[in-house]
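Below: one structure, written as C-alpha cells.
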Amino acid sequence: MPELPEVETTCRGLQPHLTGRRIEALKVRDARLRWPVARDLPGRIAGQRIRRLRRRGKYLILELERGALIVHLGMSGALRIVPADRAPQKHDHLDWLIEGVGALRFTDPRRFGSVHFVRGEPEKHALLALLGPEPLSADFNAAGLRRASRGRRVSIKEFLMNSRIVVGVGNIYANESLFHAGIDPRTSAGRISLKRYAALVDAVRATLDAALEAGGSSLRDWLHADGGSGYFQQQYFVYARGGEACRRCAQPIREIRQGQRASFFCPVCQRR
DNA sequence: CTTTTGACCTGACAGC
DNA sequence: TGCTGTCAGGTCAAAA
C-alpha cells in the first residue's frame, strides 16, 4: 500500500512523462473518491502545462502554470501512464489526457484517494498546512521529537504515525522502524529519552531508505508507475510476521492492536 | 488541548 | 457453492 517510498517511487516514475507536458483534458468516470472530485476541476486544469511533479508526505503535487493538483493515493490508489485508447477497467476512475504521452490513469479500488485543485501555494492547503517534517530531511530529528512528545501519553507507535509529528510513516514502516530502534511500540511517547529518539530517527531513515532502494513495497494492488511491482515486503523484520521467529533472536514475534491497527514487535529485541 | 473512536470502500480470505 | 464476518490500508472528523 502506498506509504512514503511507494509515493516517492510513483513520483519519480511519472516525472519524465509529465514534466513540461500539457493536460488536454481530465476525464472523470467516477467522482466518488474520499472527497468528491470537484465538478469544475476539469475546466480549471484543461490546457495547462505541468511545470513540476513533487511529493509532500504521501501527497503528490502537480504544479501547473496556474495553481496545482494535490493527489493522494489513499490505500489502494495507483497512477500509471497508459495509451490514451486503453479501455478503462472497473476501478479506473480518472484519466488525464496528456499531450503527446497518452493518459495518466488513476486507479483506486477502495476510493480512499483524493484529488484537489488549489489556486495558490499548495502548502497552504488545509491538507498540507499542518503536516510535520519530512522524515528524510534534517527537520526530522531527536530534539524535535523529544519536544513534541513532552506530556504526551500516546504510544510511540501511534505518535510516529501521526502526520503532524512526521509525515510518510504508515503502519508498515512504523512497525519496522520501532524494531530497528529496539523500542517497544507500547511505550508512551513522552517517556522516551533523547538518546532513544535519536536511534528512532536513524531507524526511520534507514527503513525508508531501504524501501526506496527496493522500489517501494507492494501488497496486492499497488503498482509502480510503469506497471511493475516492488518487493520490499520480503525484507520485513516484524510486519505481518506474528508468531514467526524474530530474525535477530528467534523469539516469536508478537501481534497486538493499537488504535485499531495491527502492531508487530519482538518482546526481546524491543524494550519499554 | 489530547486521545479515542468511527467513518469511508472494496477485495481477499477464512470459516461455516 | 454461497453466505457471513474479519481484515488491510491512510487520515480526516467527531466524540470523549
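Lettering follows sequence order; numbering is per chain, from 1. All of these numbers come straight from a predicted model, not from anything done at the bench.
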Measure from NZ on A:Lys58 to P on C:dG10 and round the result to the nearest Å.
5 Å

In whole angstrom, give the distance that lies between atom CG of A:Leu130 and atom P of C:dA13.
11 Å

Just say parallel, tilted or perpendicular for the rings of A:Phe237 and A:Phe179, cut-offs at 30° and 60°.
parallel

If the test is salt bridge (Lys or Arg N to Asp or Glu O under 4.0 Å), which one of A:Lys27, A:Arg86, A:Arg80, A:Arg105 qualifies with A:Asp95?
A:Arg105

Please tell me which of the listed nucleotides, B:dT4, C:dA8, B:dT10, lies nearest to the side chain of A:Val154?
B:dT4

Run A:Thr9 and A:Glu6 through side chain to side chain donor-acceptor pair (under 3.5 Å) and show every step you take.
CA-CA 5 Å; A:Thr9 302; A:Glu6 289 81 358; over 6 Å; no

Can you check whether A:Arg261 has a side-chain N or O nearer than 4.0 Å to OP1 or OP2 of C:dG10?
yes

Rounded to whole angstrom units, what separation is found between the CG atom of A:Asn162 and the P atom of C:dT11?
10 Å

Picking from B:dT2, B:dT4, C:dC12, which would you name as closest to the side chain of A:Glu158?
B:dT4

For B:dG11, take OP1 and OP2 only and decide whether either is under 4.0 Å from a side-chain N or O of A:Lys90.
yes

Could you tell me how far apart A:Arg110 (CZ) and C:dT6 (C1') are, to the nearest whole angstrom?
13 Å

Quick one: label A:Arg34 by what it contacts on the DNA or RNA (base, sugar-phosphate, nothing), any heavy atom closer than 4.0 Å.
base

Which residue lies toward the 5' end of DNA chain B, A:Gln260 or A:Gly151, if each is placed at its nearest nucleotide?
A:Gly151

In terms of ring plane angle, is the pair A:Tyr59 and A:His72 parallel, tilted or perpendicular, where the classes change at 30° and 60°?
perpendicular

Expressed as a whole number of angstroms, how long is the span from A:Trp35:CH2 to B:dC9:C1'?
14 Å

Grab the CZ-P distance between A:Phe112 and B:dG6 for me, whole Å please.
15 Å

Separation of A:Arg111 atom CZ from B:dT10 atom P, in whole Å?
4 Å

Taking only side-chain nitrogens and oxygens of A:His72, does any of them come within less than 4.0 Å of OP1 or OP2 of C:dG10?
no

State which of B:dT3, C:dC12, C:dA8 makes the closest approach to the side chain of A:Glu255.
C:dA8

Contact under 4.0 Å: A:Arg257 side-chain N or O vs C:dA8 OP1/OP2:
yes

Salt bridge check, A:Asp40 against A:Arg44: does any charged N sit closer than 4.0 Å to a carboxylate O?
yes

A:His91 side-chain N/O to B:dC9 phosphate OP1/OP2 under 4.0 Å:
no

Atom-pair distance (CD1 on A:Ile165; C1' on B:dT3), nearest Å
13 Å

With a 4.0 Å cut-off on heavy atoms, is A:Tyr59 in touch with a base, just the backbone sugar-phosphate, or nothing at all?
sugar-phosphate

